[in-house]
Amino acid sequence: ETGVTQSPTHLIKTRGQQVTLRCSSQSGHNTVSWYQQALGQGPQFIFQYYREEENGRGNFPPRFSGLQFPNYSSELNVNALELDDSALYLCASSPSAEPGNEKLFFGSGTQLSVL
Amino acid sequence: SQQGEEDPQALSIQEGENATMNCSYKTSINNLQWYRQNSGRGLVHLILIRSNEREKHSGRLRVTLDTSKKSSSLLITASRAADTASYFCATGDVPGAQKLVFGQGTRLTINP
C-alpha cells in the first residue's frame, strides 16, 4: 500500500458533463502526475505537477486540466466529457522532480464511466 | 501512444516455475521500470534499472536491460499464486521526470 489516496473510487457521468478527480500525495512528496488507463491498455501520461506548477504534459487536449495545492494534493478536471474518456484514472507521486526520484507511487485509481 | 511492446501478452504457468516477460521500446531512455497491477487497480513499483546498468536483482525478481537492442526482460523465479497480476514495463527519458511511457502489459497467471 502506498500513501497515495484517490477519490472517488468510481464515478458515472454523462457525455458533455464535467468531472473533478482528487488525489492526496504520499507524505513528503511534492510531485504528482496523472495517468489515464483504458481497458486492456497501459497507462498514458496526462501531466505532471511540481511545486504547484505544471511541468510536463502528454498528448491530451486542453479540456484535461489540473491543479496542485500548497499541501501537494492535486485535482484532475475533465470538461466536456466524451465516451472515450471512460477509463481508470491513476494519480502517482514522488518525493520530487529531481534526478533520482523516478520511482512512482500510485494510488488505487478512479474508475470513470461516461454514458 | 505506447512506447513499448511486451511479450507475451499473456502467460500461464504452474506455481513454482519461473516466468519471463520481455519488453521492447523505441527511443533512447534514462531508466526503465517494471510495475505490477492487480485486478485493474493501482500499480506497484517493482524495480528500476538505469540506462547505464545491465542487470538488477530484487528478491525473486531479475531485470536485464540491453540498450543496444532496446529491450528488457523481467524474470520472476519460483512463482507463487500471489504473483498473478498484469506486469508493465515503463520507460523514462528525463531524469527526475514522472512522465513514463508504458507498454501494454503482460497478463501473468500462476496456476496452483
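All chains are named by letter (A, B, ...) in the order of the sequence lines, taking the proteins before the strands, and each is independently numbered beginning at 1. Both backbone and side-chain heavy atoms feed into the values below; hydrogens, waters and symmetry mates do not.
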- line: Turns out that what part of A:Val4 lies under 4.5 Å from chain B's heavy atoms comes down to neither

- prompt: chain B: which of A:Ser94, A:Gly40, A:Gly109 shares the most heavy-atom pairs with it under 4.5 Å?
  reply: A:Ser94

- prompt: Measuring heavy-atom distances to chain B, does A:Leu88 have an atom under 4.5 Å in its side chain, in its backbone, in both, or in neither?
  reply: side chain

- prompt: More than 12 foreign heavy atoms under 6.0 Å from CZ of A:Arg15: is that the case here?
  reply: no

task: Report whether B:Leu61 and B:Ile13 are members of the same hydrophobic cluster (ILVMFWY, side-chain heavy atoms less than 4.5 Å apart, transitive linking).
output: yes

task: Could you look at A:Ser96 and say if it's the side chain, the backbone, both or neither that has a heavy atom under 4.5 Å from chain B?
output: backbone

query: Can you tell me if B:Tyr35 uses its side chain to pair, donor with acceptor, with the backbone of A:Phe106 under 3.5 Å?
result: no

- prompt: Of the non-hydrogen atoms in B:Gly42 and A:Leu90, which two are nearest, and what is the gap between them?
  reply: CA-CD2, 4.1 Å

Joint hydrophobic cluster, A:Phe60 plus A:Tyr49, side-chain heavy atoms closer than 4.5 Å: yes

task: Give the member of B:Ala97, B:Ala90, B:Gly92, B:Pro95 that has the highest number of heavy-atom pairs under 4.5 Å with chain A.
output: B:Pro95

- prompt: Is it the side chain or the backbone of A:Tyr35 that comes within 4.5 Å of chain B heavy atoms, both, or neither?
  reply: side chain

task: Please report the closest heavy-atom contact between B:Phe88 and A:Gln37, naming both atoms and the distance.
output: CZ-NE2, 3.6 Å

field: Interatomic distance, A:Lys103 atom NZ to B:Ile47 atom CD1 [nearest 0.5 angstrom]
entry: 10.5 Å

message: Testing the basics here: between A:Glu102 and B:Asn31, what is the closest heavy-atom pair and its distance to 0.1 Å?
response: CG-ND2, 3.5 Å

field: Same cluster (ILVMFWY, side-chain, under 4.5 Å), A:Phe105 and B:Trp34
entry: no

field: Contacting moiety of B:Leu48, where chain A heavy atoms sit under 4.5 Å
entry: side chain

query: Is the CZ atom of A:Arg57 crowded by more than 12 outside heavy atoms at less than 6.0 Å?
result: yes

statement: Under 4.5 Å to a heavy atom of chain A? For B:Gln98 that would be both

message: How close do A:His10 and B:Arg41 get, counting heavy atoms only, and between which atoms?
response: NE2-NH1, 4.2 Å

- prompt: If you count heavy-atom pairs under 4.5 Å with chain B, which of A:Asn101, A:Thr9, A:Asn55, A:Val32 comes out on top?
  reply: A:Val32

statement: Max heavy-atom pairs within cutoff under 4.5 Å with chain A, candidates B:Gln33, B:Lys99, B:Gln9, B:Arg107, goes to B:Lys99

Cluster check A:Leu83, A:Leu11: I/L/V/M/F/W/Y, side chain < 4.5 angstrom: yes

- line: The interface call for B:Arg50 against chain A, heavy-atom contacts under 4.5 Å, is side chain

Over 12 non-hydrogen atoms of neighbours within 6.0 angstrom of CG in A:Leu39: no

- prompt: Do you reckon A:Leu81 sits in the same ILVMFWY cluster as A:Leu76, going by side-chain contacts under 4.5 Å, direct or chained?
  reply: yes

query: Given a strict heavy-atom distance threshold of 4.5 Å, which part of B:Gln37 is in contact with chain A: side chain, backbone, both, or neither?
result: side chain

